[in-house]
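Every number for a ligand or one of its atoms is a count from 1 in the order of the listing. Just so you know, residue 1 is the first one in the sequence shown, and it goes up from there.
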Amino acid sequence: MPLRRLAQNPLIRPEDIQPWRDGFEVLSVFNPAVVECNGEIILLIRVAERPEPRPGVVRVAMLDAEHDNGHVHIEEFSPGDAAVDCDDPRILRHDGQTYLTSMSYLLLARSRDGIHFDISDQPFLMPETPEEEYGIEDARISCIDGVYYITYAAVSRRGVATALARTRDFCRVERLGIIFPPMNKDVVLFPEKIDGCYVALHRPDTDPYTRPAMWLASSPDLVNWGQHRFLMAPRPGKWDGGRIGAGTAPLKTSQGWVEIYHGADQQDVYRLGVLLLAPDDPGRIIYRAEKPLLAPQAEYELEGFFSNVVFTNGMATFPGREDELVLYYGAADKYICAVRLTMEDLLESCSV
Ligand code: MAN
């Protein structure tokens, strides 16, 4: 399918943002939630910061769990210590405990043209609760009846949970607590009720039984979720053979719900693919892409903090172009990029 990477990619880089905390550096700006609001495109950027490095130690930041005051403290580990495992740059394991090598928060950016963004100088949402001890990550936004609902991963020593927040104006934000307990992430909300219920895609971690798969759940009020139904699993040997998870908020089209999801293969290369779900029953898959829509190819996707990753959390109508979409994505867990595609091409790719 014809996809056009924006010539201005990466649109946002770590150096565009000042560290929020003294003594920290911005490692990555990536995986933004996306929504259109009053003629603007709004991104909720995941900013990952880490304590400035010191020679001979790995420094890990986390919320000060004893005092519920949003303060962080830093623990230092020696990479030479046999009990320390830091093979994956994203995490550090020590004595049966897993930590993150960076701490993320959510930052708001606005744009009228979808390309140039005004980035706020104040955080939109900071880690605050014990379940957010290691940070908050990978938001998604769905506008339901004029209210913007934000789902995000809350990471702590208790695991990765998904929390919900809501805002009407992107100024004030209200936390509604954890809606899916650990281990569960990649939660996206359908923008309207289906058959009288709110619906979400979610991704429980089912290790060691099977690879993490996508599920559906329903709710009367967006807070209490039940009626869980299996949707689809990774396909070993294919581009989405390792792990999968929902990406964009499902988009209502003439042919059904279009969902762009991520799939990692067994070598941890992250790609994006298209899914079409039946309009009246999102548990019925009309189409699932055999080939990815977007795969790491550009230099900024092949090399970064975690290489070979494209990961989306949202898309929007391209400003001024009714028939065109702009899909935002995190590239190599370091940058924010976007591609343009037409609705027609997207729907055509789903017709089997
Ligand atoms: C996980 C999440 C994402 C990240 C990918 C690739 O799925 O932590 O935030 O982009 O891994 O590292």
Do [Y] and [X] meet the salt-bridge criterion of a basic N to acidic O distance under 4.0 Å?
X	Y	value
Asp88	Arg90	yes
Glu132	Arg175	yes
Arg158	Glu133	no

Residue-level breakdown please: for Lys185 versus ligand 1, do any non-hydrogen atoms fall below 4.0 Å on the side chain, on the backbone, on both, or on neither?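 It is the side chain that gets close, since no backbone atom is under 4.0 Å.
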For Arg243, which part has a heavy atom under 4.0 Å from ligand 1: side chain, backbone, both, or neither?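 No part of Arg243 comes within reach of ligand 1.
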Glu137 to ligand 1: N or O pair under 3.5 Å?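 Not met; the criterion fails.
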If I apply the N/O under 3.5 Å rule, does Asp333 come out as touching ligand 1?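 By distance alone, the answer is yes.
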List every atom of ligand 1 that sits less than 4.0 Å from any heavy atom of Asp138, numbering the atoms from 1 in the order shown and giving each element.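 With Asp138 as reference, the close atoms of ligand 1 come out as 2 (C), 3 (C), 9 (O).
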Close-contact set for ligand 1 against Phe311 heavy atoms, below 4.0 Å: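 The list of qualifying atoms is 3 (C), 7 (O), 10 (O).
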Closest heavy-atom contact between Leu231 and Pro282?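 In this case the closest contact between Leu231 and Pro282 is CD1-O, 3.6 Å.
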Taking all non-hydrogen atoms of both residues, which atom of Val309 and which atom of Pro296 are closest, and how far apart?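 Scanning both residues, the minimum pair turns out to be N-CG, 3.9 Å.
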Mind checking whether Pro220 and Tyr198 have side chains closer than 4.5 Å, heavy atoms only?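 Contact flag for Pro220/Tyr198 side chains = no.
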Which of these, Phe305, Phe306, Phe30, Tyr270, has its nearest heavy atom closest to atom 1 (C) of ligand 1?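 The nearest heavy atom belongs to Tyr270.
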